[in-house]
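Please read the structure below before turning to the comments.
Please read these numbers as outputs of a predicted model, since none were measured by experiment.
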Amino acid sequence: MSSQTPLAERLRPTTLTDLVGQQHLTGSGSILRTAIEQGKVPSMILWGPPGTGKTTIANIIAHTLQVPFYTLSAISSGVKEVREVIELAKKQDNVILFIDEIHRFNKGQQDALLGAVEKGVITLIGATTENPSFEVNSALLSRCQVYVLKPLNEDDLIALLQHAIKEDEQLKTKKIELKETAALIKISGGDARKLLNLLELVVETLGNKAIITDDKVMSIAQQRIAIYDKKGEQHYDIISAFIKSIRGSDPNAAVYWLARMIEGGEDVKFIARRMLILASEDIGNANPNALLLANATFDAVSKIGYPESRIILSFNAPL
């Protein structure tokens, strides 16, 4: 791999034995591991937070079964690209099509997959950070198994850090002392990709003799805190801060975090749906009108879209 390849990509495992976390799916005797070992993998939707192994599991399946493997991103692909892969698959056997961010496919794009999945022309593996019950149409969902991935726990994350320092070809050339891990683990939020890329950033900043402490990690991370990545890196952190600001009756903070999401191009329905949950879960009977307002907001932004939805959301964000 190139020296410019991110650490998380350099360390991406190719076997289930090397995969950290998700033991409920890939551990000994688990349903997915058994299917892979028997070579009978169903079409599936992998649902979980960023950095929990969705893409990695898809790659492991293809690597283990040694079958043709095609990858599409729902962000940059459409019906044309899906049909091209299906035509190629008709000339091959046991083709796997991996679609990242499958929840971003609209109904027409998802419908283009139905026949090929139904007839077994392709085995579909879709990855999503959103609840597939909301974002994947029922016809396609009924043809797929849904596997839920969990955020990595503290033991998993520490094991991943130690593995990276010991095994990565570039990190092995440096003198790295992992003195404290709390900040790395807290900032990563169970996201393996975020953890490893933060580790690499910290090591690059500290130089060849890197003594990693919580204070140093926080100082380096705070220099990058203003970014917002709607595909994962800050996705859950920012929506959490938005919700907590409303819960704490701080309208200025709520509008600030909302602006960060809008500027990053976050899906308006994702924001409005979280407001609906917030109105029921955090406000409830303290203000029954909050649910009515949140529902009206969801309905309005679903009809209007950007850019005008920013006005509707900001007006109603404090609920």
Side-chain angles (χ1 to χ4, degrees), residues 8-9 12 14 22 25-26 31-32 35-36 39-149 193 229-233 235 264-270 273 302 305-306:
E9 187 62 32
R12 190 183 293 279
T14 56
Q22 313 309 333
L25 293 180
T26 61
I31 183 169
L32 186 53
I36 295 171
K40 298 178 180 178
V41 176
S43 289
M44 67 185 77
I45 304 294
L46 300 174
W47 170 32
T52 51
K54 299 184 292 295
T55 301
T56 296
I57 289 174
N59 280 305
I60 287 173
I61 291 172
H63 185 268
T64 303
L65 301 185
Q66 294 291 298
V67 295
F69 183 69
Y70 296 94
T71 299
L72 295 177
S73 171
I75 295 172
S76 57
S77 305
V79 172
K80 177 176 177 288
E81 288 77 11
V82 169
R83 288 176 175 164
E84 286 174 353
V85 171
I86 291 173
E87 288 304 311
L88 290 172
K90 289 177 180 178
K91 303 171 186 177
Q92 300 171 291
D93 294 323
N94 303 316
V95 171
I96 291 176
L97 171 59
F98 174 66
I99 300 180
D100 196 17
E101 306 276 349
I102 193 170
H103 59 275
R104 295 184 182 274
F105 265 180
N106 61 34
K107 185 179 184 299
Q109 292 167 324
Q110 292 182 26
D111 285 347
L113 295 162
L114 289 177
V117 173
E118 179 76 31
K119 296 175 184 176
V121 174
I122 60 170
T123 297
L124 172 67
I125 302 179
T128 178
T129 56
E130 303 295 330
N131 188 331
S133 298
F134 293 119
E135 303 294 345
V136 179
N137 72 50
S138 57
L140 183 58
L141 199 59
S142 70
R143 291 162 172 80
C144 299
Q145 296 293 322
V146 177
Y147 296 118
V148 181
L149 282 74
R193 184 190 306 110
D229 180 358
K230 65 180 179 178
K231 293 183 288 183
E233 290 294 328
H235 182 72
E266 182 58 82
D267 182 0
V268 292
K269 290 196 291 183
F270 170 79
R273 187 161 59 241
S302 297
Y306 281 136

Quiz item: Between Glu135 and Lys269, is the closest basic N to carboxylate O distance under 4.0 Å?
Solution: no

Practice problem: For residues Thr129 and His103, report the shortest heavy-atom separation together with the two atoms involved. | Solution: OG1-CE1, 3.8 Å

Self-check item: Pairwise distance CD1(Ile122) to CG(Leu97) - rounded to 0.5 angstrom
Solution: 4.5 Å

Quiz item: At their closest point, which heavy atom of Ile125 faces which heavy atom of Ile61, and how far apart are they?
Solution: CD1-CD1, 3.9 Å

Quiz item: Within a strict 4.5 Å, meaning less than it, do heavy atoms of the Leu113 and Ile99 side chains meet?
Solution: yes

Exercise. With the side chain counted from C-beta on, respond yes when Leu149 and Trp47 share a heavy-atom pair under 4.5 Å apart, and no when they do not.
Key: no

Exercise. Side-chain contact test, heavy atoms from C-beta onward, threshold under 4.5 Å: evaluate it for Met44 versus Leu124 and give yes or no.
Key: no

Practice problem: Assess whether side-chain contact (heavy atoms from CB on, under 4.5 Å) is satisfied between Glu130 and Arg273, documenting all intermediate values. | Solution: CA-CA 11 Å; Glu130 303 295 330; Arg273 187 161 59 241; 3.3 Å; yes

Quiz item: What is the distance from atom CD of Glu9 to atom OG1 of Thr55, rounded to the nearest 0.5 Å?
Solution: 9.0 Å

Exercise. Write down the atom of Glu266, the atom of Tyr306, and the distance for their closest heavy-atom approach.
Key: O-OH, 2.6 Å

Quiz prompt | Side chains of Tyr70 and Glu81, donor plus acceptor under 3.5 Å | solution = no

Exercise. Report the C-alpha distance between Glu101 and Lys54 in whole Å, list the side-chain angles of each, state the deciding distance to 0.1 Å, and finish with yes or no for salt bridge (Lys or Arg N to Asp or Glu O under 4.0 Å).
Key: CA-CA 10 Å; Glu101 306 276 349; Lys54 299 184 292 295; over 6 Å; no

Quiz item: Per the salt bridge (charged side-chain N to carboxylate O under 4.0 Å, His left out) rule, which among Lys91, Arg83, Lys90 passes with Glu87?
Solution: Lys90

Quiz prompt | Test item: Thr52 side-chain N/O and Pro49 main-chain N/O as donor-acceptor pair under 3.5 Å | solution = yes

Quiz prompt | Heavy-atom pair of closest approach, residues Thr64 and Thr14 | solution = OG1-O, 4.4 Å

Quiz item: In Å, rounded to the nearest 0.5 Å, how long is the span from OG1 of Thr71 to CG of Asp100?
Solution: 8.5 Å

Exercise. Find the distance between CG (Leu141) and OG (Ser43) and round it off to the nearest 0.5 Å.
Key: 11.5 Å

Quiz item: Hey, does Leu72 have a side-chain heavy atom less than 4.5 Å from the side chain of Val82?
Solution: yes

Self-check item: Over all atoms of both residues, closest heavy-atom pair of Ala112 and Val79
Solution: CB-CG1, 4.1 Å

Practice problem: Looking only at non-hydrogen atoms, find the nearest pair between Val146 and Pro132 and report the distance. | Solution: CG1-CG, 4.0 Å

Quiz item: Rounded to the nearest 0.5 Å, how far apart are CG of Leu46 and CD1 of Ile102?
Solution: 10.0 Å

Exercise. Keeping to residues at least two apart or across chains, list the side-chain hydrogen bond (donor to acceptor under 3.5 Å, both in side chains) pairs with something in residues 137-149.
Key: Gln110-Asn137, Asp111-Asn137, Glu118-Arg143

Exercise. Measure the CZ-OG1 distance between Arg193 and Thr56 for me, rounded to the nearest 0.5 Å.
Key: 8.0 Å

Quiz prompt | Note, Phe69 side chain near Val95 side chain (heavy atom, < 4.5 Å) | solution = no

